[in-house]
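These notes are about the structure you will find just below.
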Amino acid sequence: MDLDPLLLSRIQFAFVISFHAIFPVFTIGLASYIAVLEGLAFRTQNPQWVRLSAFWTKVFAVVFGMGVVSGIVMSFQFGTNWSNFAQASANFLGPMLSYEVLTAFFLEAAFLGVLLFGRDKVPAGVHLFAAIMVATGTLISTFWILSANSWMQTPAGVEFRDGAFHVISWFDAIFNPSFPYRFMHMVLASFLTGSFVVAGVSAWYLLHRREVDSNRKALSMCLWLILIIAPLQAVVGDFHGLNTLEHQPMKVAAMEGNWETESGVPLLLFAWPDRETQSNIMEIGIPHMASLILTHEWDGVVPGLKEVSPEEQPVVPVVFWSFRVMVALGLLMIFFGISGLVLRIRRKVYTSRWFLQSMRAMSITPFLAVLAGWFVTETGRSPWLVYGMMTQAEGVTPSLTGGMALFSLIGYIVVYALVFTAGVYYLFRVLQAGLEDDGTDEPDEQSERPMRPFSAAHVKFEYEPYPGIGDDMDSDPTRKGGN
Amino acid sequence: MQTFDLALIWAVIIGFGIIMYVLMDGFDLGLGILFPFAPDEEARDVMMNSVAPVWDGNETWLVLGGAGLLAAFPLVYSIFLPALYIGVFLLLAGLIFRGVAFEFRFKANTSRYLWNWAFAGGSMIASFAQGAVVGAYIQGFNTEGLVYVGGAFDWLTPFTVLTGFGLMAGYALLGSTWLILKSEGYIQDWAYKIAMPLLFVVLVVFAVVSFWTPFVDDLVRDRWFSTIQVIWILPALAMFCAYRIYRSLKMRREGMPFVATMGLFIFSYLGLIVSRWPYVVPPNFTLWDAASAPESQLFLLLGLLFVIPIILVYTAWTYWVFRGKVRADAGYH
Ligand code: HDD
Ligand code: HEM
Ligand code: HEM
C-alpha cells in the first residue's frame with residue numbers, strides 16, 4: 001500500500017491542532033472568569049471570591065501548561081509538513097504568528113507568574129491587574145491566530161506573484177471578510193466552554209454538598225452567562241453562515257448537504273451524503289427551511305455542490321455531520337440556559353438533582369462543539385489551503401515521504417497519549433481536592449515561583465480519595481445547612 | 001525609501017534571538033543532561049529548583065525564533081524544517097517530556113523516577129537534536145529551486161553526530177557552571193568535580209570540529225586560510241575564555257566559570273557565523289535570497305523594536321527575583 005504524505009500530513013495536522021485547541025478554548029474562557037472573580041474579591045473583600053479564584057487559578061495552571069507544550073509543536077508544523085505553503089504565505093503568516101508571540105505569549109508568561117504565586121507578594125490591586133493582563137493576553141492570542149486562519153478561509157489584501165503572497169494592504173489582510181465573525185464565534189465558544197466547565201464542576205460539588213455557598217455563587221454566575229451567550233452564539237453563528245455563503249458557497253452547500261443549485265431547499269435533519277453518486281442516500285428534512293435560513297426568503301436559491309467538479313468538493317459527510325453536531329449541542333446549551341432560569345425562578349436551581357447531574361454531563365459538550373465547528377470550517381475548505389488560491393496538494397512539503405509522515409504521526413499520538421493522560425489525571429486530582437484544599441497550609445515558598453504553570457496546584461500526583469466524598473452527607477465536614 | 005538594509009537588521013535580530021535561546025535554555029538543558037549522574041535525590045531537587053522559575057520563559061525564545069524565521073527568512077524555515085524532519089520531531093518530543101517532567105516530578109511519590117528519566121531523556125534528545133542542526137547547517141542542504149530535495153536522513157552524518165554530542169557536552173558544561181553558582185556544600189563540590197572533565201571534552205570536540213569543518217566545506221577553508229585572516233581573533237578569544245574557565249575552576253571561583261562558559265559559547269557562535277556569512281542556507285542561499293518581502297520585514301520590525309526591550313526588562317527582573325543560592329526544600333513539595 002502506498003502511503004500518501006499529503007493525507008498523512010492532513011491527519012497529523014488535524015490531530016495536533018485539535019489536541020492543542022481543546023486547551024486554549026478552556027483557558028481563554030477561564031482566564032476572563034478568574035479576572036472577574038478577582039475583581040469581585042477586590043471590590044467586596046468577600047473571602048469567598050478569593051477562595052473561588054484561588055481554586056480556579058489552580059485548574060487554570062494545569063490546563064495552561066498543557067496548552068503551552070502542545071502549542072510549541074504547532075509553531076513548527078507549518079515548516080515540517082507544509083513547507084511550500086509556509087514559503088508562499090510567510091509574508092503574511094510570519095508577522096501574524098510573530099506578533100502573537102510578542103504581544104500575547106510574553107504577556108501571558110509575565111503576568112501568569114504574578115497571578116499564580118503573587119497573591120501575598122504584591123498589593124491586591126497589582127494582583128487584579130495581573131489577572132486582567134493574563135485574560136487580555138489570551139484574547140490577543142485569539143485575535144492573531146484567528147486572523148491568520150480566517151485569512152486562509154477568505155484571503156484578502158494580498159496578491160500572488162513570484163511564487164509567494166505579497167501583502168498589499170495589512171488592514172484588509174488582517175481584517176479579512178470572515179475574521180470578525182470567526183473571532184466573535186470563537187470568543188463566545190471559549191466563554192461557553194469556561195462557563196459550562198465551571199458550572200458542571202460546581203454542580204458536582206453541590207451534589208456532594210461541598211463548599212455549598214461558594215459553589216452556588218459560581219453556578220449562579222455561569223448560568224446567567226450561559227443564558228445570555230448561548231442564544232447569542234446561535235445568532236452570531238447564523239451571521240457567520242451567511243457570510244460563508246457569500247465567500248465559500250461550496251462549504252455551505254456541504255453543510256446543507258445540497259447537491260443541486262435550486263430554490264426552496266429543505267433543511268435536512270438527517271441524510272447520508274454520498275460523493276460517489278453525488279446525491280443523498282435517504283433524507284429527512286423540513287421543506288423550504290434551508291432557503292429561509294440562508295436567504296431569508298421562502299423560495300431563495302441555495303447553491304449546490306454540483307456547481308464544481310467532484311475533486312473540488314469538500315468531504316461532504318464530515319462537514320454535514322460535524323455541522324449538525326455543533327448546532328445540536330448549541331441548541332442543547334440554550335435549553336439548559338433557559339432551564340436554569342426557570343428553576344431559578346422556582347427556587348430549585350441548586351437542589352434539583354436532575355439539573356445538577358445534567359449540568360455535570362454538559363461540561364464536556366463545549367469541547368465537542370468546538371471541535372465539530374473546526375471540522376466544519378477546515379474540512380469545508382478543502383481541497384483549498386488558501387481558499388481559491390492555493391490547494392493542499394500545492395502546499396505540502398515536497399521532500400516529505402509517506403514513511404516520514406507516518407513515523408511522526410504515530411510518534412505524536414504516542415507522546416501525547418502518554419503525557420496528556422498524566423496531565424488530565426492530575427487535573428482530576430485537583431478537582432477532587434476541591435476548594436477545601438486552598439493551599440493556606442502551604443507556606444510562602446510557592447509564591448516565589450512565577451512562570452511555572454503547574455506548581456500552583458500543589459496536590460499530590462497519586463490518587464488519594466477525598467475524605468469527604470460519599471453518600472453519607474452528614475459526615476461531610478464542609479456541609480453548610482443545605483435545603 | 002530603502003535607505004537601510006532590512007535583511008541585515010533582521011539577521012542581527014534573529015542572530016541575537018538564537019544566542020539568547022542557546023545561553024538561556026542551554027544551562028537548563030545541561031542540568032537535565034547531568035541529572036542521572038547527580039549524587040543523590042536532594043541534589044536533583046536543587047538542580048531542578050534552580051531552573052524551575054525560568055525555563056518556561058527561556059523556551060518562549062525558541063517559539064519566537066521559529067515564528068521570527070518564518071516572518072523574516074521564510075526560506076530558512078521552509079528548508080531547515082523539512083530537511084531535519086525526523087530531528088525536529090525528536091526535538092519537540094524531548095521538549096514536551098522535559099516540560100511536563102518539571103511539573104509532575106514534584107507531585108509524584110512512587111512514580112518520581114519516571115519523571116526523572118523523562119527530564120533527563122528529554123533534555124538529552126533535545127540538546128543532541130540542536131547540536132545536529134548546527135552540524136547540518138555547516139554541511140549545507142541539497143536544494144533545487146526553493147525547495148529541499150534531499151532524503152530524510154541526509155542530515156545524519158558522522159559530522160552531525162559529533163556536533164550533536166559536542167553541544168550536549170557544551171550544555172552540560174554550562175549546566176555544571178550554573179550549578180556552581182546556584183548551589184553550595186557537597187552539591188557544589190560535585191559540580192566543580194565534573195566541570196573540569198566536561199571542559200576537556202568540549203575543547204576536544206571544538207578542536208575536531210574546527211579541523212573537520214574546512215574539509216566539509218570549501219568556502220570556510222577559503223575564508224579561514226586565505227581571505228579574512230582577522231577571523232582568527234574569534235577562536236583566540238574562545239580559547240582565552242576556556243583558559244578562564246580552567247583557572248577559575250582551579251581557584252574555586254563561583255561566578256567566573258559560568259560567565260566564561262557563556263563567553264566560550266558566544267565566540268564560537270560568532271566564529272561559526274563569520275565562517276558562513278552571508279549564507280543562511282548553505283551552499284546556495286544568502287540571507288538576502290532567504291528574506292521575506294521588505295514590507296513584511298518592516299511591518300514586524302516596528303512592533304519588535306517596541307516590545308523586545310520590555311521583554312528583556314521582564315526577563316532580567318525574573319532572574320533578579322530568583323538570585324542567590326537554591327536549597328532543596330525551597331521549591332516544590
Ligand atoms: C483561539 C485560540 C487559539 C488557536 C486557534 C490556536 N492557539 Fe495556540 N495558544 C492559544 C490560543 C490559540 C493561547 C490561549 O494563547 C495559548 C494556550 C496556552 C498558552 O500559553 O497560550 C496558546 C499556546 C500556544 C503556544 C505556546 C505559547 C507559549 O509558549 O507560551 C504556541 C507556540 C501556539 N499556541 C501556536 C499556535 C499555532 C501555530 C496555532 C494554529 C495553527 C494555534 N496556536 C492555534
Ligand atoms: C447554535 C447555533 C450555531 C450556529 C448556527 C453555528 C454556525 C457556525 C458556522 C456556519 C460555522 C462555519 C463558518 C465557516 O467555516 O466559515 C461555525 C464554525 C464554528 N463553530 Fe459554530 N455555530 C453554532 C453553535 C456553536 C457552538 C455552541 C460552539 C461552541 C461552543 C460553536 C463553535 C464553533 C467553532 C469553534 C467553529 C470553527 C471556527 C469558526 O469558523 O468560527 N458553534 N459555526
Ligand atoms: C484551533 C482549532 C483548529 C482545529 C481544531 C483545526 C482543525 C483542522 C482539521 C480537522 C483539519 C483537517 C482538514 C482536512 O483534512 O480537510 C485542519 C487542517 C488544517 N488547518 Fe486547521 N484547525 C484549527 C485551527 C487552525 C488555524 C488557527 C490554522 C492556521 C493559522 C489552521 C491551519 C490549517 C492547515 C494549514 C491545515 C492543513 C491543510 C488542510 O488539510 O486543510 N487551522 N485543521
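Just so you know, these numbers come straight off a predicted model, no measurement behind them. Letters A, B, ... are given to chains in the order of the sequence lines, protein chains preceding strands, and every chain is numbered from 1.
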Under 3.5 Å, sequence neighbours excluded: what are the donor-acceptor pairs made by side chains of residues 296-308 of chain B?
| from | atom 1 | to | atom 2 | distance (Å) |
| --- | --- | --- | --- | --- |
| S296(B) | OG | N91(A) | O | 2.8 |
| Q297(B) | NE2 | A72(B) | O | 2.9 |

* To do: Determine, step by step, whether L64(B) and L102(A) satisfy the side-chain contact (heavy atoms from CB on, under 4.5 Å) criterion, reporting the C-alpha distance in whole Å, the side-chain angles of both residues, the deciding distance to 0.1 Å, and the verdict.
  => CA-CA 8 Å; L64(B) 182 62; L102(A) 288 171; 3.9 Å; yes
* To do: Determine whether I72(A) and V63(B) make a side-chain contact, defined as any pair of heavy atoms from C-beta on separated by less than 4.5 Å.
  => yes
* Asked: Of all heavy-atom pairs between S83(A) and P82(B), which one has the smallest distance, and what is that distance?
  -> CB-CG, 3.4 Å
* **Closest-packed option against chain B by number of heavy-atom pairs under 4.5 Å, given A405(A), A86(A), P95(A), G79(A)** => G79(A)
* Asked: For N84(A), is it the side chain, the backbone, both or neither that has a heavy atom under 4.5 Å from a heavy atom of chain B?
  -> side chain
* Structure fact -> Between G150(B) and S399(A), the two heavy atoms sitting closest are O-CB, 4.0 Å
* Is it the side chain or the backbone of L92(B) that comes within 4.5 Å of chain A heavy atoms, both, or neither? -> side chain
* Evaluate whether atom CD of E144(B) has more than 12 neighbouring non-hydrogen atoms of other residues, nucleotides or ligands under 6.0 angstrom away. => no
* With rounding to the nearest 0.5 Å, note down the distance linking CD1 in I310(B) to CZ in F106(A). => 12.0 Å
* **For chain B, which residues of residues 411-421 of chain A have heavy atoms nearer than 4.5 angstrom** => G411(A), Y412(A), V415(A), Y416(A), L418(A), V419(A)
* To do: Kindly check if the number of other-residue, nucleotide or ligand heavy atoms within 6.0 Å of CZ (F428(A)) is above 12?
  => no
* Structure fact -> For L81(B) and T80(A) the tightest heavy-atom approach is CB-N, 3.8 Å
* Asked: Can you tell me how far the CG atom of L70(B) sits from the CZ atom of F92(A), to the nearest 0.5 Å?
  -> 11.5 Å
* To do: Identify the heavy atoms of M404(A) and I86(B) that sit nearest to each other, and give their distance.
  => CG-CD1, 4.3 Å
* Measure across Q87(A) and S78(B) and return the closest heavy-atom pair with its distance rounded to 0.1 Å. => OE1-OG, 3.0 Å
* Structure fact -> If you tally heavy-atom pairs under 4.5 Å between each of G68(B), A293(B), G66(B) and chain A, the highest tally belongs to A293(B)
* Which pair of non-hydrogen atoms, one from Q12(A) and one from Y85(B), has the smallest distance, and what is that distance? -> OE1-OH, 3.7 Å
* Asked: With chain A, which of I96(B), L90(B), V149(B) has the greatest number of heavy-atom pairs at distances under 4.5 Å?
  -> I96(B)
